[in-house]
Amino acid sequence: MDNTGIIAFLRGQKMDAPVDFISRGIEAFGYRVEDFMTGKVRFRDIIHPDDADRVYLELTENALEGASEIKQVYRIRTKRGQIKVVEERTAIMRDENGKIICYQGILEDITDRQ
C-alpha cells in the first residue's frame, strides 16, 4: 500500500482525535506518520480552509443519517504549502446497535485528473 499513492487510515468516532492508523503514503504530502498518530497533525489541519467545514458537515450528516460509506473530493495542503486534490472514500463502521465505532478509509491524490 505504501507505494501505490493511496493513503489508508483508521480513526475513532471523534473527528479531531488522533488517527489510530495512517499508512506511510501520507509522507508523499510531506507529513510524518508519527505526527498523525500523536495528534500533532490532524486531518482537519491539512484540509484546505475553504473545504474543511463542508467536508466535516457532509461526513457528520451522512453518519447521522445512517450511511455506511461516503465519498468526498476536496483540497489538502501539503507540508510545503502546495494544494492537492484528493478523493476520500470512507466506510463508517458501526457496532450491532448502529453506534459509530470508527471511520476506515482511503485517500487518493487525484490532482492530475482535474
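When hydrophobic clusters are built by joining Ile, Leu, Val, Met, Phe, Trp and Tyr residues whose side-chain heavy atoms come closer than 4.5 Å, directly or via intermediates, Ile7 is not grouped with Met93.
Side chains of Ile26 and Val33 form a contact here, defined as non-hydrogen atoms less than 4.5 Å apart. Glu87 places a side-chain heavy atom less than 4.5 Å from the side chain of Ile110. Side chains of Asp50 and Tyr74 form no contact here, defined as non-hydrogen atoms less than 4.5 Å apart. In this structure, the side chains of Glu69 and Thr90 stay at 4.5 Å or more apart for every pair of heavy atoms. Taking the side chain as every heavy atom from C-beta outward, Pro18 and Arg11 never approach each other to under 4.5 Å.
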- Message: Let's go through Ile6 and Leu107 carefully: what are the C-alpha distance in whole Å and the side-chain angles of both, what is the deciding distance for side-chain contact (heavy atoms from CB on, under 4.5 Å) to 0.1 Å, and is it a yes or a no?
- Response: CA-CA 6 Å; Ile6 294 176; Leu107 289 174; over 6 Å; no
- Does the ring-ring contact (aromatic ring centres under 6.0 Å, His included) test come out yes or no for Phe9 and Phe36, once each step is laid out? CA-CA 10 Å; Phe9 66 86; Phe36 280 88; 9.7 Å; no
- Message: Does Ile100 form a side-chain contact (heavy atoms from CB on, under 4.5 Å) with Gln13? I'd like the steps, not just the answer.
- Response: CA-CA 6 Å; Ile100 296 170; Gln13 64 200 31; 4.1 Å; yes
- Task: Give the intermediate values and the outcome of side-chain contact (heavy atoms from CB on, under 4.5 Å) for residues Ile106 and Glu88.
- Result: CA-CA 6 Å; Ile106 59 171; Glu88 177 181 322; over 6 Å; no
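Between Arg32 and Glu27, no side-chain nitrogen of the basic residue sits less than 4.0 Å from a carboxylate oxygen of the acidic one, so the salt-bridge criterion is not met. A salt bridge between Asp51 and Arg75 is present, with a side-chain N of the basic residue lying under 4.0 Å from a carboxylate O of the acidic one. Ion pairing between a basic and an acidic side chain is recognised when a charged N comes within 4.0 Å of a carboxylate O; Asp45 and Arg42 show no such pairing.
For the salt bridge (Lys or Arg N to Asp or Glu O under 4.0 Å) test, residues two or more places apart in sequence or in another chain that qualify with Glu108 are Arg89, Arg113. The ring pair (Phe, Tyr, Trp, His ring centres under 6.0 Å) check on Tyr103 picks up nothing, with sequence neighbours excluded. Residues satisfying the side chain to side chain contact (heavy atoms under 4.5 Å, CB included) criterion with Asp95, sequence neighbours excluded, are Asn97, Lys99, Ile101. Partners of Arg44 under the salt bridge (Lys or Arg N to Asp or Glu O under 4.0 Å) rule, at least two apart in sequence or in another chain, are Asp53.
Rounding to the nearest 0.5 Å gives a distance of 6.5 Å between CZ of Arg77 and OH of Tyr31.
Leu10 belongs to a hydrophobic cluster whose other members, connected by ILVMFWY side-chain contacts under 4.5 Å either directly or through intermediates, are Phe21.
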Scan the side chains in residues 57-65 for donor-acceptor partners under 3.5 Å anywhere in the protein, sequence neighbours excluded, and list what turns up.
unit_1, atom_1, unit_2, atom_2, d
Glu58, OE1, Gln72, NE2, 3.0
Thr60, OG1, Tyr56, O, 2.8
Asn62, ND2, Glu58, O, 2.7

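None of Lys84, Lys79, Gln82 except one satisfies the side chain to side chain contact (heavy atoms under 4.5 Å, CB included) rule with Phe29; the exception is Lys84.
For Thr111 (side chain) and Val85 (main-chain N/O), a donor-acceptor pair under 3.5 Å exists by modelled atom type.
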